[in-house]
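Report on the structure given below.
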2 protein chains.
Amino acid sequence: MSSGSPTFTGSNAEQTRRHNRCVVLGQIRRAGSMGRADMARASGLSVQAVSNIIASLERDGMLLEAGQRSRGRGLPAPQYALNPDGGYALGFEVRLHSTSVTLLNLMGELRLSQRLPLTDNDPSSVSRQLRQQMRTVLANTGVDSRLLLGAGVVMPGPFTPTGLANTSSVLPHWQDIDAGRLFSKALSIPVLVENDANAAAVGEHVSGCTESLSNYAFIYFGTGVGLGIVHQGQLFRGGSGNAGELGHILVPMPETGIAPRPGIPMRMTPLENMASRSTLLQRLAAAGLKTTTDAELEALAAADDPVLQQWLHDASASLSHAVHVVENLFDPDTVVLGGALPDAILTPLVEGISLAEHSTAQRTNRVMPRVMQGHSGAFSAARGGAALVINSLFTPHTLS
Amino acid sequence: MSSGSPTFTGSNAEQTRRHNRCVVLGQIRRAGSMGRADMARASGLSVQAVSNIIASLERDGMLLEAGQRSRGRGLPAPQYALNPDGGYALGFEVRLHSTSVTLLNLMGELRLSQRLPLTDNDPSSVSRQLRQQMRTVLANTGVDSRLLLGAGVVMPGPFTPTGLANTSSVLPHWQDIDAGRLFSKALSIPVLVENDANAAAVGEHVSGCTESLSNYAFIYFGTGVGLGIVHQGQLFRGGSGNAGELGHILVPMPETGIAPRPGIPMRMTPLENMASRSTLLQRLAAAGLKTTTDAELEALAAADDPVLQQWLHDASASLSHAVHVVENLFDPDTVVLGGALPDAILTPLVEGISLAEHSTAQRTNRVMPRVMQGHSGAFSAARGGAALVINSLFTPHTLS
DNA sequence: ATTATTAACTCAAGCAAGTTGAACTTACAA
DNA sequence: TTGTAAGTTCAACTTGCTTGAGTTAATAAT
């Protein structure tokens, strides 16, 4: 089913208040702490309106007074800052054989993360396991369940426009399941479902190298290679929620002795055949190295393993091509690379990227580097899931 | 200067009304005509709120009563439809040696279009010429200037985030000029400035093959090749307004005897070296054919000119690659191709596109063709400019 | 030291716009 | 002929932002 025109929905006083709360919270978050008059100026609201919103946020425990600040004459302004413990968000990553969970506080700080093996990945088994993990996390951190603002669940796509089901997914048994509704019922809190790249992209916004940016691209290394796009503070999801399939785009293949496929005019290959973790593992396996864990990969990196070095070389070249495409099509303020690779691999991969001079991104007035390294490691997707919830507090929901 | 986080601005009752007016107008537009109760159900507003908005829109001349409609029992509902003459929008295209103007009514119907040669393209000369063209159009159509809702001006980029200036643009003398402010002063109406591809994309939404869609990509053939992305009814502009530089992405080069450039690992070339109007003209010139006008191109197409045929073949192959990239990165409901090419060229170009089966876009449940042909011809950009204004009436401004 | 100025905040009244519920109108059905 | 359903209007109510007057406290000027 195609998305059609979104039937925009009407607004009223209640939604206006919700919007303005988001605006105020977002400003406090970005500035660290602010006074009422500053917020009024920044938001265009009257001081009185800001004052009422502050009072309501303080009642809800989201804000704390943070001293006073005097700038020259006049009454010193009481400053307000986020209460880090004013709320928490859970993030889950559901994979074929494991589920991960993270807990972030309002400031986007990691409180706990945990991974469990998953034996049955049918919907009800997964729901049970997430529910169990939620209980464990709350018990281990002492966080009151009433402070949970929601959960973000990261799952492999593809998605359909009607919520979040998948057709020929990596996960069996999930055809046409509305995962959001399912988990929301199981966990008794609001749930957002996203793919790994989108979640990781938002994770970088909530705590990472793009906190001050609202337009950027995030290249995520999971099993394959994904792309999360943040545009004007919002995720770009595409018509059916499957935008950012960077791994599918064709890149020129370096001469590695592999024959070109028939039907493809040149020696082109999908990016995920060159620059994904599974490709690396395949190459290592072909060379007789049975490698699977991050620790093993780190050891190979430390030993300057030649197969790994060659892969890094080839993968960086392919990524350079992909980054060029992303820069020209999305015009991001920066391109961040991160995900489920150890830093020992990710860092040389990012450093190996060489960008063409001739590009829209080659502006004179840019303040960010064109390429940056973002969060990495096993929990970057789950962290991103929790970040989706945190981020939604600070970002007015522009639609609906 | 990078965009940073957009400081979202607060909302109030006045903006709520503006938003709801857009919602209601948009629904009437999509449905053709509607009654109050239908709009209330579709928007989530109360019937009374809709009623008040309808009254205000009718006072403003934007709506007309369009009979009654009875569905079974109950009071027959008075229907409302857009008043085609309730407002007009101007669209301009500023090029190196010409300026074009179009006038669209509220329904997106073309009322007039005109092209004038441009001798001096410095800012004040252009402003004068546009002002003159506005007067001419109003005089020739008898439209009252008070019915002008605004103008959309299409100019070549690149843009900067601070409004709409350009640095190393095709147009000289325009460095760091705020074109929007300039034209708005000259024309005494609100002005939007966009690049050709974005404007043409919105043009297709206002009257074209994507009226019922809110996620699509538009590949625009101007001097080069551009891409306009509409996502959830909004243009995707990127961090500095320069998203969609499709012409810059590298595509595999068919064996046409041209030597590969040094530094590029394979025989890759920017798309606009393969699939742009200027490339076609160059090839024709190299073959001794001094062709410049659309009429001459149409004649060559009718004569099955071999140089043109070869170009069509090569360009379609390159475009196939580009469409594949666009499908996978943006996940649009469809990809539309259009712009400043005559139909005699555009149609075979679109028909020549062959798409890989293996793609995110290869869904089972798609309702639109993957590739469609959109508006073409000399005025497609200027039309798009006017469409920007019309579209803004029906699309709630989600930010700011 | 006293007074003026300035900035930030609070209080109370006012306003705009959406919501709610009762009353009215019309068409179809029993 | 009467009842029911659907659409609309009217009037009272509610929410939330704005406005303007009054209060407080820090700095600057006298």
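Throughout, a chain's letter reflects where its sequence line sits, starting with A, and its residues are numbered from 1.
- The two atoms that bring A:Leu82 and A:Met107 nearest to each other are CB-SD, 3.8 Å, heavy atoms only.
- DNA chain D lies under 4.0 Å from no heavy atom of any residue of residues 57-69 of chain A.
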Q.
For a quick check, with a 4.0 angstrom heavy-atom cut-off, what is the B/S/- contact string for nucleotides 15-25 of chain D, read 5' to 3'?
A. BSSBB----BB

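- The CG atom of A:Leu45 sits 11.0 Å away from the CE atom of A:Met39 when rounded to the nearest 0.5 Å.
- Here A:Pro190 pairs with nothing under the side chain to side chain contact (heavy atoms under 4.5 Å, CB included) rule; sequence neighbours left out.
- Not less than 6.0 angstrom separates the ring centroid of A:His231 from the ring centroid of A:Phe236.
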(Q) Under the criterion side chain to side chain contact (heavy atoms under 4.5 Å, CB included), I'd like the reasoning laid out for B:Thr210 against B:Val230: C-alpha separation, chi angles, the key distance, then a yes or no. (A) CA-CA 10 Å; B:Thr210 56; B:Val230 174; over 6 Å; no

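- In this view, B:Ser145 satisfies the side chain to side chain donor-acceptor pair (under 3.5 Å) rule with no residue, not counting sequence neighbours.
- A salt bridge does not link A:Asp178 to A:Lys185: none of the charged side-chain nitrogens sits closer than 4.0 Å to a carboxylate oxygen.
- Taking a heavy-atom distance under 4.0 Å as the criterion, the stretch of DNA chain C touched by chain A extends 5' to 3' from C:dT5 to C:dT19.
- The distance from the NE2 atom of A:His397 to the CD atom of A:Gln15 is 10.5 Å, given to the nearest 0.5 Å.
- Looking at which nucleotide of DNA chain D each of A:Ser70 and B:Ser51 is closest to, the 5′-most match is held by B:Ser51.
- A search for salt bridge (Lys or Arg N to Asp or Glu O under 4.0 Å) contacts involving B:Arg146 returns B:Asp144, not counting sequence neighbours.
- Contacts of A:Arg21 with the nucleic acid, taken as non-hydrogen atoms under 4.0 Å apart, are absent.
- Remark: B:Arg71 is not in phosphate contact with D:dA5, judged by side-chain N or O atoms under 4.0 Å from OP1 or OP2.
- The pair B:Arg30-B:Glu211 does not meet the salt-bridge criterion, since no charged nitrogen lies less than 4.0 angstrom from a carboxylate oxygen.
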